[in-house]
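As structure tokens, the structure follows; a few thoughts come after it.
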There are 2 protein chains.
Amino acid sequence: MGGVVKMSDVAHEAGVSKMTVSNVINGRPGASEETRARVLAAVARLGYQVNATARRLRAGRSGAIGLLVPHLDGPYYAHLAARLDTLARARGHHVIIERTGASRDGEIAAISPERVRPYDGLVFSPVQLDTAEVSGAGIEVPVVLLGERRLAGPFDHVMMDNIGGAVLATTHLIERGSRRIALVGGRPDEGVDSMATLRTRGYRQAHAAAGVPVNERLVVDADSFTTRDGYEAVTRLHQAGVGFDGVFVLTDAAAMGVLRALADLGLRVPDDVQVVGFDNDDEGDYLVPRLTTVDPDNDSMAERIMELLLRRVDEGAPRVGDAVEVVTSARIVVRESTRPRT
Amino acid sequence: MGGVVKMSDVAHEAGVSKMTVSNVINGRPGASEETRARVLAAVARLGYQVNATARRLRAGRSGAIGLLVPHLDGPYYAHLAARLDTLARARGHHVIIERTGASRDGEIAAISPERVRPYDGLVFSPVQLDTAEVSGAGIEVPVVLLGERRLAGPFDHVMMDNIGGAVLATTHLIERGSRRIALVGGRPDEGVDSMATLRTRGYRQAHAAAGVPVNERLVVDADSFTTRDGYEAVTRLHQAGVGFDGVFVLTDAAAMGVLRALADLGLRVPDDVQVVGFDNDDEGDYLVPRLTTVDPDNDSMAERIMELLLRRVDEGAPRVGDAVEVVTSARIVVRESTRPRT
DNA sequence: GTGAAAGCGCTAACAA
DNA sequence: TTGTTAGCGCTTTCAC
């Protein structure tokens, strides 16, 4: 094994120049069918593989796509990351995951020029920053923003239908008989769109459409939407003596905590309280009871994201005023945590 | 923004040569305190950052560590990946995740020379291949094998205490009164050590030590230890009319399915059946009931893995006959799926 | 203590 | 259709 095979070895073996080998390997035109065959044969015989690092140095690109997510604990982002990486690899790139910790400082640091420089492109799922702040960061690579509807900006934007999904969930609860529906993870609408404020808006829209009033005491925050946060939110609500007969939880992870809290409080699901989550994590189908939830169709989101991003990366990223907004559509998955239609 | 700042720009700004800049930046000796300060000032002023790709080309290394895992669906490997990546970055590398799909072919493909070549080192969690097969693959980079005890081989090996953990779990069930303990995910011991056969061995050892006979009909396979597999295994056991008053499930993911199946069958946990899992996934603390499980101490495993691997990578990987074996120790986390001590 | 030369493996641009 | 030259940004070697 006398060292790694390089392009010049192949060139020598095939009796041509490096350049011709390069052309053949990259499928560029301008090589006779016969030369082409000789080169390919030499490549096979020697087991040659291009040195990606050298190619990158030459191209001035790193081949890395940065994925900036709040965390990786739950299945949501882990699954997204796996999916995006598969798609990226199919096109010669790879995904590097960066965790922002869901904090403002973490996000600001993650999009700083030093941190971003190594990447050819960025997929960013902001939870604290808005579009204006992101565009003010001076990012010089193509960016696809993820997961929320914000004011139009210079970035491509792929989002799930947060409002529509929340309307679906809330309407479902109302139709199945709930009238005092707690919103775990709800946020006041301060003009800034976020996952939480959008889903909160859907919750309100559904109430309005059904003519059911919203009791503001039922709208409770859940910090970072972890299982623990869900658990604590419901426990607090109960301790405060606020009665409810339904819960719309902003994420499935938090819904798992809600279910657990309800069990601890001796409340039966769905008999006493109906519960609907959001995300359609695989786990939901194995909870006791199985969780009714909103499926935001993450797989097609991942495809749209990579498609948009790599298009700009491959085209040398002329960031012009043609930012695209894509909204994927949500549907409800009905399981055991809500009652049969009455 | 006239292009990216490079080392020669810094050299020019500081009035020295590229070489001196390189030396200062890499903390190499042989630069006067004054020159050093001038260079650092220029670096700061210009916001210079080394071009990792060029450095890698020069060094003949990619900076990438391959992490070969069966899948990323559950929290186990996702968490491990996040942890390993954090540790790798702290030392100038990064982790690329490759999924083998837990199949023989998937693993063989993942360790083929073409696939491995881009990596400076490999962390491999094999589920089908044994050490002999891995060493026969002709891998030319340092490798740390993960998670199972196999015959001694040329690779560093970090493993959790599968047997000890299984003994802990099974003994716990016996002590709390179970006598017919189903083993979900159990595998016959065919001489090849794997996560499943080792934990199965611990299950048998604990029975022997307590003088409780094992009923072979209670040892059932669970395919790939997913939630679904756990669900189906228990359902099959029940349909076959095999009675049991305890279940040791080989993974928490599968245990979640077991709990769900038990609920569907009308069996109460822990009153009718006690359940113990393995892995200590975060989810376990929110299931209904909360899952008693074995904690294999994954965080210290991750640290040992990266430490061993990067030591060899940094030293130019002279694969000599000094392979290290590290076993981390397990402990049991007692929650609600088992009864209080009688 | 500092710098000039050479080259890592690849490909754009230009010649032949 | 094929080859030559030059250079991506960095660091090893060796000379000063």
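In this view, B:Arg58 satisfies the salt bridge (charged side-chain N to carboxylate O under 4.0 Å, His left out) rule with no residue, not counting sequence neighbours. For A:Asp120, there are no salt bridge (charged side-chain N to carboxylate O under 4.0 Å, His left out) partners, not counting sequence neighbours. When the salt bridge (charged side-chain N to carboxylate O under 4.0 Å, His left out) test is applied to B:Glu114, no partner is found at least two apart in sequence or on another chain. A:Arg99 meets the salt bridge (charged side-chain N to carboxylate O under 4.0 Å, His left out) test with no other residue; sequence neighbours excluded. Scored by the ring-ring contact (aromatic ring centres under 6.0 Å, His included) test, B:His79 finds no partners at all (sequence neighbours excluded).
Near DNA chain D, meaning a heavy atom under 4.0 Å away, the residues from residues 30-37 of chain A are A:Gly30, A:Ala31, A:Ser32, A:Thr35.
Note on the helix from C:dG1-D:dC16 to C:dA16-D:dT1: terminal axis deviation equals 40°, with five pairs used at each end and the result rounded to 10°.
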Could you run through nucleotides 6-16 of chain D and give me one letter per nucleotide, 5' to 3': B if any protein heavy atom sits under 4.0 Å from the base, S if only the sugar-phosphate is that close, - if neither? BBBBBBB----
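Judged as a ring pair (Phe, Tyr, Trp, His ring centres under 6.0 Å), the pairs with a partner in residues 24-74 of chain A (not counting sequence neighbours) are, in order, A:His71-A:Tyr77. Counting only residues at least two apart or on different chains, the ring pair (Phe, Tyr, Trp, His ring centres under 6.0 Å) pairs with a member in residues 82-116 of chain B are A:His94-B:His94.
In summary, B:Arg91 and B:Glu307 do not engage in a salt bridge, as defined by a charged side-chain N under 4.0 Å from a carboxylate O. Salt bridge status for A:Glu303 with A:Arg83: present, with a side-chain N to carboxylate O gap under 4.0 Å. B:Glu133 and B:Arg104 are joined by a salt bridge, as a carboxylate oxygen and a charged side-chain nitrogen come within less than 4.0 angstrom of each other.
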Please report, to 0.1 Å, the donor-acceptor pairs under 3.5 Å made by any side chain of residues 9-16 of chain A, with sequence neighbours excluded.
{"unit_1": "A:Asp9", "atom_1": "OD2", "unit_2": "A:Lys6", "atom_2": "N", "d": "2.9"}
{"unit_1": "A:Glu13", "atom_1": "OE2", "unit_2": "A:Arg45", "atom_2": "NH1", "d": "2.2"}

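With no hydrogens or angles considered, a side-chain donor-acceptor pair links B:Arg28 and B:Ser22 at under 3.5 Å.
Of all nucleotides in DNA chain C having an atom under 4.0 Å from a heavy atom of chain A, the first and last in 5' to 3' order are C:dG9 to C:dA13.
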